[in-house]
Amino acid sequence: MQEQDNDQIQQRKRHLAEIAEMGHAVYPHRFDRTHTLTEIVEKYRDQAGRRDEAELERINIELKSAGEVAVAGRIMTMRLMGKAAFAHLSDGLNLLQVYVRKNDVGDDAWNLYQKLDLGDWIGVRGYIFVTKTGELSIHVSSLRFLAKALLPMPDKYHGVQDKELRYRQRYVDLIASSSVHEREPGELTTREVFEKRAKIIRETRRFFDERGYVEVETPMLSPLATGAAARPFVTHHNALGIDLYARIAPELYLKRLIVGGFEKVYEINRNFRNEGLSYKHNPEFTMLEWYQAYSDFRDLMDLTEELITMLLDKVCGMRRIPFQDLTIDFNDWQRLTMREAVIKYWPDESTRPTIDGLMDREQLEKAAAALDINFDPKLNNGQLLGEIFEHVAEPNLINPTFITEFPTELSPLSKQSADDPRFVERFELIVAGMEIANAFSELNDPAEQRRRFEEQVNQRESGDEEAMVMDEDYIRALSYGMPPTGGEGIGIDRLVMLMTNRRSIRDVLLFPHMRPESH
RNA sequence: GGGCCGUUAGCUCAGUCGGUAGAGCAACUGGCUUUUAACCAGUGGGUCGUAGGUUCGAGUCCUACACGGCUCACCA
C-alpha cells in the first residue's frame, strides 16, 4: 500500500470518498442480521432449482409471504444490467445471490450500489425468491454499506494459484477459494480444510472428556528441553536471568501428573522443534498427548483405532479415504513388528535378511550396505535397525499399521518388554508413510530411567545433539512411584492432512512458517 | 545444504529463432430491469524478481543473488 497505487486502488479510494459524500458511514459499527448466508442457503435449499413458470410463481409467492430477511457478506461477483443487477455475497463458506433493482431500492441505494466494488462488505434487507434459472436469491429492498475493500480481488474464476501468496496472505486465499469455480471433485476449499481441522480437534476433546480424561496444560517454556529427541528453540528469561527452552514435548510433565495421582490426562498443544521444514515438518506443530494409569501399549492400540475411526466417521463420513494417488483403508489395521516390516518390504529376495539377522551387527551392516544407506558407524544396533526400517518399510505402509517391538536404544522413556529386554513395549502408527502416533508402556523404574538417561548423555557427549539430557526432577518424581502407565502422542497436523487430502503440512496450518518477505 | 523448476499487468497465464509486451478475468467509458465464468462496443494499465554480463539490440542467452515450489539429505 506504500508503493504507488495502481488504477484499481485509486478507483476504489475514489468510490469510498464518494460513498462518504453521499452521507453514508463508510465504516459503520454494526449491522443486525436475521440470518447468516449459510443459514439461508441451508434452510431454503429445497426451493432452489429450475421449475416451470407456474410452479416457480407459486414458490415465490410463498417465499415472499414469509417476509424480509437481513443478511450480510462480502461481494464476490457483480453483474450489472442497466437498471438492475445481480451480485453474490459470501460468508466465507457459502455464496448467496442478491438481486438489486433500481425501481425497488430507490435512487439513493441505487447510487450507492454504483460505488460498490468486488470485495466490499454490504448488508441487505429483502425477501427470498428463486430466479427463473433456479437460483435461490434475495430480492433487495434496502442496502447498507459496511466496509470497503481497497485492494483488488484475485481472479474470480481461478482464485489464487500462487502458493507463496496463499501461505503468506492466507486471508486472500480464504477469500478467493470460497468462490473458485475450478476445483477437483471432492476438493475442499481452504476454509473447509480449517473447518475440518477444528472439528477434528473438537471431536478429539469430546472423545477424551467423555472417557474421564482431564485436559491439562503443562509448560511451553521450561529450563530443560526433554521428552523427545529434537533440537530446541532457546529463549531468555530476563527476571530469572536464565535461558528457557520452548518445549519439544510435554511428555515428562504429563507423567509427573500421573505420579501426582491424576489417572487419565491429556493435552492438545503446540510443540516446537528447531529443525528443517518439509511437507510433513513445521517448526511448531500441534500434538495430542495422553497418559493413563494401569494401562499398557496394547490398550493404547485399541484406543487409537477407536479414536481415529470415530474421527473418520464424523469428519469424512467414510473409512476408505483418498489421499493423493492412494486410497487409505481405515477398515484394514495392521500390526507388525519392526523386523517383520523390514522383511516384508525388503526389495530384493537375494539379499533379504532374517529376523535374527536384524539383531546381529554384521548382518545389520550388510543389510544397510545392500540398501545403499550411508550410516554413521557410531550408530548402535537399535539405531541401525531403525534406519533400515525407515528406508525399507515406512514409505510402503499405506493403510494404518502399528509397528511394534522397538529397540530399547531408540526408546529411552519406554518400558522394556517383559520377555526380551532388547525391545521395549512401544508402537508407532504409520499411515501413508507418515508417523502419526507414537506410544509406549511408560518406564516407571527410576533406577532404570537413570541408566537410560545416562546412555543418552553419553550419546550427546559423543556428538548426538538430539540425545536427551538428564532430568533429575523427573527421576525424583518417578522415585515417589508411578503406577503402570501407558502414554501416547498423535500428530494432529498430519492427521488433518490425511483427513483433508492435503499433501503438505503447510496446507493445514493457517499461517505456516516462511522466510520473511524482503521489502 | 545439494539437484531440478518457477518468478511477465491487481489475479490466472501466453510470449516462437534474441528484434522493443499479449490474452482472459479485474478496472475505466457507453449500452442493457431475471443474470450467473452475464453479454455487446470501446479504452487505459508493465522497472518482465534484483544486480551484473554478452550483444547493434535481452522477457528470451550467461553469472550471481533473493523469494517460492518439488525433491534428496537432515529431522531416530
Side-chain angles (χ1 to χ4, degrees), chain A residues 3-12 14-15 53 56 60 76-88 95 97-105 110 117-119 129-135 137 139 149-169 172-173 175-176 179-182 228-231 248 273-283 338 373-376 379-380 382-391 394 406-407 409-412 428 435 438 456 459 464-468 503-504 506 512 514-519:
Chain A
E3 62 267 28
Q4 279 210 316
D5 293 344
N6 69 25
D7 57 336
Q8 302 196 45
I9 295 171
Q10 288 173 19
Q11 179 62 30
R12 284 163 182 267
R14 246 189 326 267
H15 277 163
E53 220 171 299
L56 191 61
N60 279 334
M76 300 306 293
T77 66
M78 297 177 92
R79 292 173 293 286
L80 177 65
M81 295 165 306
K83 298 187 175 62
F86 287 94
H88 276 114
L95 295 174
Q97 183 169 258
V98 297
Y99 177 53
V100 182
R101 197 159 68 169
K102 187 178 181 195
N103 289 359
D104 297 328
V105 296
W110 184 249
D117 294 295
L118 288 177
F129 77 114
V130 176
T131 66
K132 42 183 210 201
T133 56
E135 180 161 349
S137 306
H139 195 124
L150 291 171
L151 297 176
M153 293 293 116
D155 185 300
K156 67 182 174 187
Y157 193 66
H158 301 94
V160 182
Q161 296 298 319
D162 181 347
K163 286 199 175 180
E164 182 175 357
L165 193 59
R166 292 175 70 153
Y167 296 147
R168 286 195 196 278
Q169 294 176 234
V172 177
D173 179 27
I175 294 166
S179 65
V180 164
H181 293 66
E182 235 172 30
R231 281 189 254 181
I248 56 175
R273 297 187 183 176
N274 203 341
E275 288 163 357
L277 290 78
S278 83
Y279 75 96
K280 54 182 174 180
H281 294 92
N282 194 65
M338 186 178 280
I373 299 175
N374 294 322
F375 62 91
D376 185 340
L379 291 188
N380 58 43
Q383 288 170 322
L384 195 45
L385 174 59
E387 283 282 315
I388 292 169
F389 166 77
E390 282 188 17
H391 274 80
E394 200 170 66
F406 275 66
E409 303 97 307
L410 288 182
S411 315
E428 280 188 3
E435 178 192 338
N438 179 22
Q456 291 289 309
Q459 283 180 26
D464 183 352
E465 285 187 70
E466 274 145 19
M468 289 186 194
R503 65 165 282 107
S504 169
R506 294 185 154 179
M514 307 278 280
R515 208 178 286 272
E517 279 180 278
S518 51
H519 279 290

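Order of the sequence lines fixes the chain letters, A, B, ..., with proteins taken first and strands second; residue numbering starts at 1 for each chain. Basis for what follows: all heavy atoms, side chains included, without hydrogens, waters or symmetry-related copies.
The side chain of A/L118 sits closest to B/A27 out of B/A27, B/C75, B/C32. Distance from the side chain of A/F86 is smallest to B/U35 among B/U12, B/A76, B/U35. For A/Y99, whose side chain is taken as the heavy atoms from C-beta onward, the closest listed nucleotide among B/U34, B/G68, B/C11 is B/U34. Distances from the side chain of A/Q11 to the nucleotides B/G10, B/C28, B/U12 place B/C28 closest. Considering only the side chain of A/Q8, B/A26 comes nearest among B/A26, B/A76, B/C75. The listed nucleotides are B/A76, B/U71, B/G68; the one nearest the side chain of A/R515 is B/G68. Proximity note for A/R503 (side chain, C-beta onward) versus B/A37, B/U71, B/U12: the nearest is B/U71. Side-chain proximity of A/K163 to the nucleotides B/U12, B/C70, B/C75 is greatest for B/C70. Of the listed nucleotides (B/A27, B/C25, B/U34), B/A27 has the atom at the smallest distance from the side chain of A/D7. When each of B/U12, B/U33, B/A76 is scored by its nearest atom to the side-chain atoms of A/A229, the top-ranked nucleotide is B/A76.
Put simply, A/N6 has a side-chain N or O that comes within less than 4.0 Å of OP1 or OP2 on B/G10.
Rounded to the nearest Å, the gap between the C1' atom of B/A58 and that of B/G18 is 6 Å. Separating the P atom of B/A26 from that of B/A37 is a span of 12 Å, rounded to the nearest Å. A gap of 23 Å separates the P atoms of B/C17 and B/C13, to the nearest Å. Taking the P atom of each, B/U60 and B/G52 are spaced 14 Å apart, rounded to whole Å. For B/G31 and B/G68, the C1' atoms lie 45 Å apart once the distance is rounded to whole Å. Nucleotides B/A21 and B/U16, compared at atom C1', are 14 Å apart to the nearest Å.
Using cut-offs of 30° and 60° for the angle between ring planes, the A/Y99 and A/F129 rings count as tilted.
Counting only heavy atoms from C-beta outward, the side chains of A/E164 and A/M514 approach each other to under 4.5 Å.
Without hydrogens or angle criteria, A/Q8 side chain to A/P152 main chain gives no donor-acceptor distance under 3.5 Å. The backbone N or O of A/V130 lies less than 3.5 Å from a partner atom in the side chain of A/N60, making a donor-acceptor pair.
Taking the nucleotide of RNA chain B with the nearest heavy atom to each of A/K83 and A/L165, the more 5' of the two is matched to A/L165. Map A/P154 and A/A228 each onto its nearest nucleotide of RNA chain B; the residue landing nearer the 5' end is A/P154.
At the heavy-atom level, A/F389 lies nowhere under 4.0 Å from the strands shown.
If you check B/A73 for Watson-Crick or wobble pairing at under 3.5 angstrom, you find it has no partner at all.
B/A76 atom C1' lies 9 Å from atom CG of A/D464, rounded to whole Å.
Annotation: the span from A/L151 atom CG to A/D117 atom CG amounts to 11.5 Å, rounded to 0.5 Å.
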